[in-house]
Amino acid sequence: MNSRKPHRLEAARLEKLQKIGDLGLDPWGQRFDGHIPISEARERCPEESGTDGETVRVAGRIMLRNNRGKLKFYHVQDWTGRIQLMVSRGDLSDEQWELVGALDLGDLIGIDGRLRVSQTGEKTIFAEKLTMLCKSLAQPPEKFHGAKDVEMLLRQRSIDLIYNEGVLDRMLRRTRIIHSIRQTLSGEGFVEVETPVLHAVAGGAAARPFTTEHNTLGIELFMRIALELHLKRLMVGGIERVYEIGRVFRNEGIDATHNPEFTMIELYQAYGDYGSMMDLVEKIVVDAAEMLGDGMVLPWGEDQIDFTPPWPRKTYAELFAEHAGCAMDDTDAVTEVARRLEIDTDGVHPDVVVNKVFEETVEDALVGPVFVIDYPASLCPLTKRKADNPEIAERFELFIHGMELANAYTELNDPLLQDELFRTQLDGLDEEDSMAKLDTDFLEALRIGMPPAGGMGIGIDRLVMLLTDSRSIRDVIFFPLLKPESVGGGKSAPSDNDKNTTTETTETNPAG
RNA sequence: GGGGGCGUAGCUCAGUUGGCAGAGCAACGGACUUUUAAUCCGUAGGUCACAGGUUCGAACCCUGUCGCCCUCACCA
């Protein structure tokens, strides 16, 4: 990067960089105190033309320029908004005017000036003093159409944040949602903890893990796929209301709702059950929506989502009967439906077939928010069974527009049954599809005694999607995973080219 | 992984049947003291994603590769 030849557009900016230095000014700027947010400057600006407002100081990036010679207009943006700046030759010293000549789109400047509306009625700061805060060496996108190339925007998210309206706002909403979750949980007496990312056994969920290794220990390790088992061990240790907001990693496909690393919250409440979890997730989501301040009915593309509580609770069995058209315990009928859906049934455990049919017929139809409750127990190795029916597990999943947003259990705290379930492998389930991975440290902890409890996981990225009308998970993650950009298919990496410049040249420039 | 689409100047995009690589914005030089994508005159700017092939001649046709998007499969 350092040795690369400056682009012709960058060269023009480097000249201005030099010019600013020649004026005795620091082109990279210094601490700049006393500025107010641009949104506040707009609020303080008088509405009527001809009325002088107060003198203010702001700082921001030059987004737009309109040059009339000895009178120049700029639009300057900070993270609260934009305001117009008017720079008049007559108002500035010779040195200041020289600086104005060295300004480019994308530069960061500080402005002291008087608030007043322009002749066309736009709120404006009439500049009295400009302070160079940072030179930009990069050419900004086209001023009217902006930057649209999805790949460039994902690889250069800074550009997306600066120049595309709504991107910064959406990402700041994400942080406010997470803040709201912490507030809600703190109010309910939960404490936040951090547990290891590197696991010897990647348990707590059914997913393929990323592998890594520790050099000096000489052992294989896994990136965590869930937070569950460590948090439960903390509950055994007496932390009765505990949660973690953290990154988990799943080595699986990438699409509009899946990124290999994503943010989950898992929380556990001693002496609760899945019913307490339903109340809690409802409160978490409603509080977050309230904090955003756009009401309980939020847009979802052409559609809407109504978050007004309480949300309906429907059993797995009744939803199955409603959408699949037969009772889930009518094995012959279920097999018939499965065949129609081209689901493989040979040698597959009946409950696995039922679940595949459920996923095919029910999940996409769930507009929600709706709690699906009481799952077949065989599918839930970490879940307590219903007291009056050991075939049914006290589990719910929260669905909104076909997306699974939350998954919760009455946690299984019977160490003998847990041990057995970890060792049971349902027919037709691959090992990596199973949660049945033996975590002996966890089992040892359960023997000490874990209080009966409710536990829940919520996909934070998906929650943010639903609350910000974002159709892709890439819209709510600053830096979603992308393949490394290469120079081109046949060409080797740039470093290889550098090493072999002379030979490469002869090979790639055949005579004739 | 399968199928479909896309990749041309810093950015947004044209590019005819295969016949000298185009525009707008941005940049550079000039004019302009109330503009709103300002306007006007002029200048410069290209590894047509990458590598091959066909052809007198390829941005365009063919093959392979890379990346992104959509979709299906898998998953949360």
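Since the model is a prediction, treat every value here as computed from it, not as a measurement.
At whole-Å resolution of the value, CZ in A:Arg65 and P in B:C32 are 17 Å apart. Following rounding to the nearest Å, A:Lys148 (NZ) and B:C25 (P) show an atom-to-atom distance of 16 Å.
Using a 4.0 Å heavy-atom distance criterion, A:Gly146 is classed as a sugar-phosphate-only contact. Using a 4.0 Å heavy-atom cutoff across all strands shown, A:Leu482 reaches sugar-phosphate atoms only and no base atom. Across all strands shown, A:Phe249 has no heavy atoms under 4.0 Å from either base or sugar-phosphate atoms. Counting any heavy atom pair closer than 4.0 Å across all strands shown, A:Arg116 reaches no nucleic acid atom. Looking at heavy-atom distances under 4.0 Å, A:Arg13 makes no contact with the nucleic acid at all. Within the nucleic acid shown, A:Lys70 comes within 4.0 Å of at least one base atom, counting heavy atoms only. As judged by a 4.0 angstrom heavy-atom cut-off over every strand, A:Asn259 is placed among the base-contacting residues.
Considering only side-chain N and O atoms, A:Arg250 lies nowhere under 4.0 angstrom from the phosphate OP1 or OP2 of B:C74. For the OP1/OP2 pair of B:C70 and a distance below 4.0 Å, the side-chain nitrogens and oxygens of A:Arg471 include no atom meeting the criterion.
A:Phe210 and A:Phe249 have perpendicular rings, their planes meeting at more than 60° on a 0 to 90° scale where under 30° would count as parallel. The aromatic rings of A:Phe396 and A:Phe371 sit perpendicular, their planes meeting at an angle over 60°, well past the 30° parallel limit.
Under the Watson-Crick or G-U wobble criterion, with both distances below 3.5 Å, B:G7 is paired with B:C66. Nucleotide B:A58 forms no Watson-Crick or G-U wobble pair with any nucleotide shown, as no partner meets the under 3.5 Å limit on both distances. B:A23 is paired with B:U12 under the Watson-Crick or G-U wobble criterion, all donor-acceptor distances under 3.5 Å. Under the Watson-Crick and G-U wobble criteria, each requiring two contacts below 3.5 Å, nucleotide B:G1 is paired to B:C72. Applying the Watson-Crick and G-U wobble criteria (two distances, each under 3.5 Å), B:G42 pairs with B:C28.
For B:C11, its base never sits under 3.5 Å from the side chain of A:Asp149 at any donor and acceptor pair.
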Practice problem: Starting from the C-alpha separation in whole Å, work towards a yes-or-no answer on side chain to side chain donor-acceptor pair (under 3.5 Å) for A:Asp351 and A:Ser378. | Solution: CA-CA 7 Å; A:Asp351 287 348; A:Ser378 55; 2.4 Å; yes
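Mapping A:Ser118 and A:Glu397 onto RNA chain B via the closest heavy atom, the residue that lands nearer the 5' end is A:Ser118. Map A:Glu360 and A:Arg474 each onto its nearest nucleotide of RNA chain B; the residue landing nearer the 5' end is A:Arg474.
In terms of heavy atoms, A:Asp107 sits closest to A:Arg13 at OD1-NH1, 4.2 Å.
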Would you tabulate the pairs of protein nitrogen or oxygen atoms and nucleotide nitrogen or oxygen atoms of nucleotides 4-10 of chain B closer than 3.5 angstrom?
unit_1: B:G10; atom_1: OP1; unit_2: A:His7; atom_2: NE2; d: 2.6
unit_1: B:G10; atom_1: N7; unit_2: A:Arg8; atom_2: NH2; d: 3.3

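Side-chain contact annotation: A:Asp160 with A:Gln156, donor-acceptor N/O pair under 3.5 Å absent.
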